[in-house]
Amino acid sequence: MNLLIMGKPGAGKGTLASIMQDNYHITHISTGNIFREEIAKQSPLGIAVESFITKGELVPDELTNNIVKSVLTQGHFPNGFMLDGYPRTKDQAIALDRILTELNMPLNFVVDIEVDDEVLLKRITGRRVCSGCNTIYHISLHPSIKQDVCDVCGGILIQREDDKEESVRKRIQIYNQKTEPLLDYYRQKNLIVTLDGRFKREDVFEFVETKLGITHGNH
Ligand code: ADP
Ligand code: ZN
């Protein structure tokens, strides 16, 4: 099962992907997480992308496409993959088509998570991420047991620089301009399935089983 997960910043793409990875063993590939890991290491790639990300701007297509190509080419995906946060522009969508054709790994579905704009800002500005394992929390909606400490690995929870309000507004605007039009592109290919962004864990299992037709989860 090969999927794209789409939705505005804060829609819950990472949350959905992590539930699905744990229960259906589909490999989660997040370009945002890849970039953040490279920034943390201060690798050449990390240094190249850092200023775009902090400002809430997109990383240039060519750089992003190359990363995704190398991850998809080198990885092993016994139960398929979920791309989260990629593609975000028409250029990226076309590059992805080319990569997947070459590798003979066609897409099965594009999951579009739908959320009202008012909900997004509240969600994102309260979001905290584990610096150790990338688990996502929210200060009021889904807090960790001990403040600022990850329940899973004991790592320190941080607020992403681009989760501050000004960057968030820019990210939503860029989404509307550059990424939203891709939904039409995938609609024409008949790949879109929608998920209500207010989903809970149990809703994910129901969604996966009824809309995607996967029945071998271990929840
Ligand atoms: P969100 O979906 O919540 O905005 P992500 O973690 O997917 O967050 O992405 C964080 C940032 O990483 C983006 O704002 C952008 O700067 C960069 N980024 C991630 N994926 C891409 C992509 N496909 N193309 C360009 N930039 C990207
Ligand atoms: Zn952790």
Side-chain angles (χ1 to χ4, degrees), residues 4-18 22 28-40 45-46 48-72 82-96 99 110-113 115 117 119-138 142-182 197:
L4 303 187
I5 302 182
M6 296 191 51
K8 291 184 181 177
K13 300 185 293 291
T15 304
L16 174 68
S18 96
D22 290 349
H28 178 198
I29 304 168
S30 157
T31 43
N33 285 349
I34 294 170
F35 290 144
R36 283 185 289 277
E37 279 157 24
E38 297 298 321
I39 292 171
L45 172 65
V49 303
E50 185 163 17
S51 70
F52 298 105
I53 294 189
T54 307
K55 285 184 274 184
E57 290 168 6
L58 292 183
V59 172
D61 286 334
E62 201 190 335
L63 205 69
T64 309
N65 291 335
N66 287 339
I67 302 295
V68 171
K69 183 169 185 176
S70 87
V71 170
L72 288 175
M82 297 171 283
L83 275 169
D84 154 12
Y86 181 92
R88 268 171 146 94
T89 65
K90 190 71 190 280
D91 257 26
Q92 293 181 10
I94 291 166
L96 178 63
I99 297 165
V110 174
V111 178
D112 176 31
I113 308 178
V115 193
D117 278 12
V119 180
L120 297 175
L121 206 70
K122 179 179 177 214
R123 274 195 188 171
I124 300 187
T125 51
R127 176 158 72 182
R128 298 294 180 271
V129 184
C130 175
S131 54
C133 72
N134 286 320
T135 297
I136 302 164
Y137 298 87
H138 189 284
H142 172 47
S144 55
I145 295 166
K146 202 169 151 216
Q147 198 185 341
D148 299 329
V149 177
C150 178
D151 296 346
V152 179
C153 78
I156 296 170
L157 305 187
I158 53 164
Q159 181 177 40
R160 282 163 42 180
E161 203 47 51
D162 62 338
D163 278 351
K164 304 194 171 150
E165 185 159 340
E166 192 190 325
S167 289
V168 173
R169 290 193 190 281
K170 194 187 278 169
R171 282 157 62 205
I172 293 177
Q173 190 194 341
I174 293 174
Y175 182 91
N176 291 337
Q177 261 169 25
K178 304 224 164 129
T179 309
E180 176 115 70
L182 294 185

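Nothing fancy with the numbering, it's 1 onward along the sequence. Counting starts at 1 for both ligands and their atoms, in listed order.
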Residues Glu166, Lys170: salt bridge by 4.0 Å N-O rule
no
Does atom CD of Gln159 have more than 12 heavy-atom neighbours from other groups under 6.0 Å away?
yes
Ion pair check, Lys146 and Asp151, cut-off under 4.0 Å:
no
Would you tabulate the polar-atom pairs, meaning N/O of ligand 1 against N/O of the protein, with distances under 3.5 Å, reported to 0.1 Å?
residue	atom	partner	partner atom	Å
ligand 1	2 (O)	Lys13	NZ	2.7
ligand 1	2 (O)	Arg88	NH2	3.2
ligand 1	3 (O)	Arg127	NH2	3.3
ligand 1	3 (O)	Arg171	NH2	2.8
ligand 1	4 (O)	Arg88	NH2	3.0
ligand 1	4 (O)	Arg171	NE	3.2
ligand 1	4 (O)	Arg171	NH2	2.8
ligand 1	6 (O)	Arg36	NH1	2.9
ligand 1	6 (O)	Arg36	NH2	3.0
ligand 1	7 (O)	Arg88	NH1	3.2
ligand 1	7 (O)	Arg88	NH2	3.4
ligand 1	8 (O)	Arg160	NH2	3.2
ligand 1	16 (O)	Glu57	O	2.5
ligand 1	20 (N)	Thr31	OG1	2.7
ligand 1	20 (N)	Gly85	O	3.3
ligand 1	20 (N)	Arg88	NH1	3.2
ligand 1	23 (N)	Gly85	O	2.9
ligand 1	23 (N)	Gln92	OE1	3.0
ligand 1	24 (N)	Gln92	NE2	2.9
ligand 1	26 (N)	Val59	N	3.0

Sorted by chain and residue number, which protein N/O/S atoms are under 2.8 Å from the Zn ion (ligand 2)?
Cys130 SG, Cys133 SG, Cys150 SG, Cys153 SG
Are any side-chain N or O atoms of Thr31 and backbone N or O atoms of Gly85, one a donor and one an acceptor, separated by less than 3.5 Å?
yes
Indicate the atoms forming the closest heavy-atom contact of Arg88 with Leu182, along with that distance.
C-CD1, 3.8 Å
Please round to the nearest 0.5 Å and tell me the distance separating atom CZ of Arg160 and atom OG1 of Thr54.
10.5 Å
Closest non-hydrogen atom pair between Tyr175 and Gly7, with its separation
CE1-O, 3.4 Å
Is there a donor in the side chain of Asp61 and an acceptor in the side chain of Thr89, or the other way round, less than 3.5 Å apart?
yes
Before you tell me yes or no, could you show the steps for Leu45 and Leu63 under side chain to side chain contact (heavy atoms under 4.5 Å, CB included), namely the whole-Å CA-CA distance, both residues' side-chain angles and the distance that decides it to 0.1 Å?
CA-CA 9 Å; Leu45 172 65; Leu63 205 69; 4.0 Å; yes
